[in-house]
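What follows is a set of notes on a single structure, which appears directly below.
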Amino acid sequence: MNVFSAFKVIVESEIESLVTDGTLPVGTDGARVSVDPPRDASHGDLATNAAMVLAKPAGLKPRDLAESLAERLRAQDSVESVDVAGPGFINLRLSDEFWQKLLVEILVAGEAYGESDMGQGRPVNVEYVSANPTGPLHVGHARGAVVGDVLASLLAKAGFAVTREYYINDAGSQVDVLARSAYLRYREALGDDIGEIPEGLYPGDYLVPVGKALAERDGSKWQDLDEAEWLPEFRAFSVAAMMDLIRDDLGVLNIRHDEFSSERALVEAGGVDAVMQTLEAAGLIYEGVLEPPKGKLPDDWEERPQTLFRASDFGDDTDRPLKKSDGSWTYFASDLAYHQDKYRRGFSTLIDVWGADHGGYVKRVGAGVKALTGGEAEIDVKLCQMVRLLEDGEPAKMSKRSGNFVTLRDLADAVGKDVIRFIMLTRKNDAPLDFDLVKVREQSRDNPVFYVQYAHARTHSVARMAAEAFPDADFGIEALQNADLTRLTDSDELALIRLLAAWPRTVEGAAEAHEPHRLAFYLYDLAAAWAWICGKARGEPGLRFVVADDVDVTRARMALVLAVRAVVASGLSVMGVTPVDELRE
RNA sequence: GCGCCCGUAGCUCAGCUGGAUAGAGCAUCGGCCUUCUAAGCCGAAUGUCGCAGGUUCGAAUCCUGCCGGGCGCGCCA
């Protein structure tokens, strides 16, 4: 249960009552009413702006209306007190008993705590990575991969029916380059001296096994043929090989897509023709001449009529070409077809995760989606900014085994999957991210991966101590649900429960905003609150979780400890990070 | 020239879709190891939220215009 949305329902029903008894006019619109945690915990547990939002249209003074509403809210069971403050905030304080009982709910839910039916099973398509199938993934791809994957898990947790999708750009000229590069490696495997890899082809040694495999399978059958004869076969074979490579790379991060959509297959199935018909019928295509691009004018710019899509009717800056001069479709044309295809497969919420260098493309695709779906579908493009690899503050000098970039695999070998997954979420996607290979291995408070893992490990450590102190007691989840939770009376214990109770709200808010990084920040805050409680008992031994002569208070506190563990585990599981039970050198 | 993103403490960044006295970490200064991990905890200090207008009961948040930084602009993908 999300405490805040639960109380919003209560506030709304009390507003209804005020309409019924004539305090508020009929037709009062509660859309802007919200129930939030107050900024300052001393104000209470929940705050609502209802009176401030509703007073003006009703011709009332905010504080008067707040008093009327407060009076009604005081009658609620779990409400301890209600205050009206400032310009008309209504602050609610809930009873200790309410929070103590909430712990049971967390223990029962376990790792599933925070799941929500907000999405009501609505389908969402999250497309991420979609790197060109021309080589291994690099560090930049890793960020998009994690952001997309965790966003997908987050949406699933919030009750959406999520499809994780990878768009394979296997129709452009870059895959012809790939095929030619592979052909060279094929000849090399047959014993030809290929010398230096020519400019314009892919030099990476990851194509060596591809050439070798083709030589083993087909022998010299392609060796003396013209390019036109071998190109299609080499293209198909090497794209498949690259996709295997990419899937392996993603597997290192434990990322798996549900759908791999091939651009080539889409084009061959007539997807682009279909989308052109749709646009043609809607009168959104015309032959015209575009202004030359501003800034640096390309060397080979020539003004000529083109087939254009009226993107500017849908919020784009200019209309966009659909055909190249050789008559083939532009990338944009097949991308339109692809997004229409997603819509036709039943998705009206589309999320694309791209690198920031594609930023100039967002409006264009947005315009296309609007035009093709009559505004029925929404697309949200998450742009991921650069990842800067550092070593102790200096630009990293990692080995670069495959071409001139650091691969995802190099990074995973250096720091591991869990560190990559966590660190990639320690910034919002549209801010650049510094990834410090030294810092992420430090065991200190300014390394969030460690700090959160340490919190989880420490709950296990406490449980071991409790078991040692009371060998006959049962501190299992089920037994703890029946613990006497009224023994949890310390203000910091109750504050910790309140923070745990904010987890479902965090999940829903992050899912709504498509912002997976919020999970990492919440977990860090939770780890800090937990560390505080652990440290506090050092000064006040009576507050220890394990109290040697009092099994009942120990049991109550173990319920709190296991609830902390459940929420940390819940969060890490959405992030795809494996929680550790122990953390020692 | 145009578009997108960013600008918050000395540094790196959060800020819950417009709420109350703007928060963390690092760095600085000070305190805490006879028992649940000192790999840690606590306290102190630190701000014209880039600037100027506007909308609002209320703006770091929304709008407009500037300033500064990043990314991008083409029949590439």
Side-chain angles (χ1 to χ4, degrees), chain A residues 4 32 34 36-40 43 47 49 52-53 55-56 62 85-89 91 132 134 169 171-175 263 290 292-302 304 306-307 316-318 321-332 334-335 355-363 383 385-386 426-428 430-432 434 442-448 450-451 454 457-458 461-466 468-469 502 505-506 508-510 512-513 515 517-518 521-522 524-525 528 531-539 541 544-548 554 557 561 582-585:
Chain A
F4 301 93
R32 289 179 56 220
S34 66
D36 306 296
R39 185 185 292 282
D40 188 335
H43 290 137
N49 62 354
M52 292 179 290
V53 173
K56 198 175 188 183
F89 286 102
N91 293 323
N132 285 338
T134 55
N169 296 132
S173 55
Q174 82 283 2
V175 289
E263 180 187 4
L290 282 182
K294 301 288 197 274
K296 268 185 284 177
L297 195 65
D299 308 334
D300 54 351
W301 174 261
E302 52 170 336
R304 58 171 195 82
Q306 295 175 281
T307 306
D316 200 0
D317 307 315
T318 177
L322 297 168
K323 268 187 186 173
K324 303 184 201 171
S325 56
D326 65 3
S328 64
W329 300 114
T330 60
Y331 179 77
F332 178 54
S334 59
D335 217 16
D357 53 340
H358 291 66
Y361 212 71
V362 174
K363 281 191 178 182
L383 293 179
Q385 288 286 345
M386 298 276 294
T426 53
R427 291 285 175 271
K428 48 188 176 198
D430 47 16
D434 285 351
E442 273 173 16
Q443 302 199 321
S444 72
R445 186 168 179 171
D446 67 325
N447 175 7
F450 159 75
Y451 199 58
Y454 179 39
R458 209 167 175 183
S461 169
V462 171
R464 286 189 290 267
M465 300 306 288
E468 216 169 283
R505 174 185 158 87
T506 302
E508 290 184 351
E512 178 89 41
E515 291 188 348
H517 73 277
R518 290 191 197 178
F521 283 90
Y522 171 86
Y524 185 81
D525 286 347
W532 178 336
I533 275 220
C534 293
K536 194 179 176 187
R538 189 166 296 276
R544 288 175 176 283
F545 299 117
V546 181
V547 180
T554 301
R557 287 179 183 162
V561 169
E582 198 168 10
L583 204 56
R584 288 185 189 274
E585 295 209 308

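Proteins get letters first, then strands, A, B, ... in listed order; numbering begins at 1 in each. The basis for the numbers below is simple: all heavy atoms, side chains too, and nothing from hydrogens, waters or symmetry mates.
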Kindly label the base of B/rU35 as syn or anti, based on whether its glycosidic torsion lies within 90° of 0. anti
Expressed as a whole number of Å, how far does the C1' atom of B/rC5 sit from that of B/rA44? 37 Å
Check every strand shown and say whether A/D525 touches a base, only sugar-phosphate, or nothing at a heavy-atom separation below 4.0 Å. nothing
Spacing of the C1' atoms in B/rG50 and B/rU61 (rounded, Å): 15 Å
Need the glycosidic conformation of B/rC5: syn if within 90° of 0, anti if not. Which one? anti
What is the distance, to the nearest angstrom, from the CD atom on A/E468 to the P atom on B/rU35? 16 Å
Not counting sequence neighbours, which residues clear ring-ring contact (aromatic ring centres under 6.0 Å, His included) with A/F89? List them please. none
On RNA chain B, nearest-nucleotide positions of A/D326 versus A/H43: which is more 5'? A/H43
Rounded distance [0.5 Å steps], CZ in A/F545 versus CD1 in A/I533: 5.5 Å
Under-4.0 Å side-chain N/O to phosphate OP1/OP2 contact, A/S34 with B/rG19: no
Please state how far atom CD in A/Q385 lies from atom P in B/rG70, giving the value in whole angstrom units. 12 Å
Heavy atoms only, 4.0 Å cut-off, all strands: where does A/V462 land among base, sugar-phosphate and nothing? base
Please step through salt bridge (charged side-chain N to carboxylate O under 4.0 Å, His left out) for the pair A/D36 and A/R505, ending with a clear verdict. CA-CA 10 Å; A/D36 306 296; A/R505 174 185 158 87; 3.4 Å; yes
Within the structure shown, what part of the strands sits under 4.0 Å from A/A463 by heavy-atom distance: base, sugar-phosphate, or nothing? nothing
For the residue pair A/F332 and A/Y361, does the interplanar ring angle fall in the parallel (under 30°), tilted (30 to 60°) or perpendicular (over 60°) class? perpendicular
Can you run through RNA chain B from 5' to 3' and write each base as (, ), [, ], | or . depending on how it pairs? Watson-Crick or G-U wobble, both distances under 3.5 Å. (((((((..((((.....[...)))).(((((.......))))).....(((((..]....))))))))))))....
Nearest of B/rA20, B/rC76, B/rC36 to any side-chain atom of A/S173? B/rC76
Taking all atoms of both residues into account, what is the closest heavy-atom pair of A/Y451 and A/A531, and its distance? OH-CB, 3.4 Å
Less than 3.5 Å between a donor and an acceptor, one on the side chain of A/R32 and one on the base of B/rG58, is that the case here? yes
Could you state the atom-to-atom distance from CZ of A/F450 to P of B/rC26 in whole Å? 12 Å
Looking only at heavy atoms, the pair that brings A/G359 and A/L383 closest together is CA-CD1, 3.6 Å
Is a side-chain N or O of A/T330 found less than 3.5 angstrom from the main chain of A/P321, in a donor-acceptor match? yes
Would you indicate what A/E512 reaches in the nucleic acid, counting non-hydrogen atoms under 4.0 angstrom: base, sugar-phosphate, or nothing? base
Return whichever of A/D357 or A/I533 has its heavy-atom-nearest nucleotide of RNA chain B closer to the 5' end. A/I533
Nearest whole angstrom, please: distance from the P of B/rC36 to the CZ of A/R557. 15 Å
Could you tell me whether a side-chain N or O of A/N49 sits under 3.5 Å from a main-chain N or O of A/S34, the two making a donor and an acceptor? yes
How many Å lie between CZ on A/R544 and P on B/rC33, as a whole number? 13 Å
Using a 4.0 Å cut-off on protein heavy atoms (strictly under), produce a 5'-to-3' string for nucleotides 10-16 of chain B with B for base contact, S for backbone-only sugar-phosphate contact, and - for none. --SSSSB
Remember a base hit wins even if backbone is also touched, and classify A/A85 as base, sugar-phosphate or nothing at under 4.0 Å, heavy atoms. base
Reckon A/A457 touches a base, only the sugar-phosphate, or nothing at all at heavy-atom distances under 4.0 Å? base
Base, sugar-phosphate, or nothing: which does A/A356 touch, judged by heavy atoms less than 4.0 Å apart? sugar-phosphate
Which part of the nucleic acid, if any, lies within contact of A/T318, taking any heavy atom under 4.0 Å across all strands shown: a base, the sugar-phosphate backbone alone, or nothing? nothing
Using a cut-off of 4.0 Å on non-hydrogen atoms, how would the nucleic acid contact of A/A55 be classed: base, sugar-phosphate, or nothing? nothing
With a 4.0 Å cut-off on heavy atoms, is A/P87 in touch with a base, just the backbone sugar-phosphate, or nothing at all? base
Rounded to whole Å, the CG-P distance (A/L383 to B/rC4) equals 12 Å
Quick one: side-chain hydrogen bond (donor to acceptor under 3.5 Å, both in side chains) partners of A/E515, sequence neighbours excluded? A/R518
Can A/K323 be said to sit on top of A/W329's aromatic six-ring, NZ or CZ under 6.0 Å from centre and within 45° of the ring axis? yes
Only counting residues at least two apart or in another chain, list the ones meeting side-chain contact (heavy atoms from CB on, under 4.5 Å) with A/A537. A/L543, A/R544
Mind calculating the distance between OH (A/Y524) and C1' (B/rG40) to the nearest angstrom? 12 Å
Residue pair A/T134 / A/Q174, side-chain donor-acceptor N/O under 3.5 Å: no
B/rG18 P sits how many Å from A/N49 CG, rounded? 11 Å
Do nucleotides 41-46 of chain B as a string where each nucleotide becomes B, S or -: B if the base has a protein heavy atom under 4.0 Å, S if just the sugar-phosphate does, - if no protein is that close. SS----
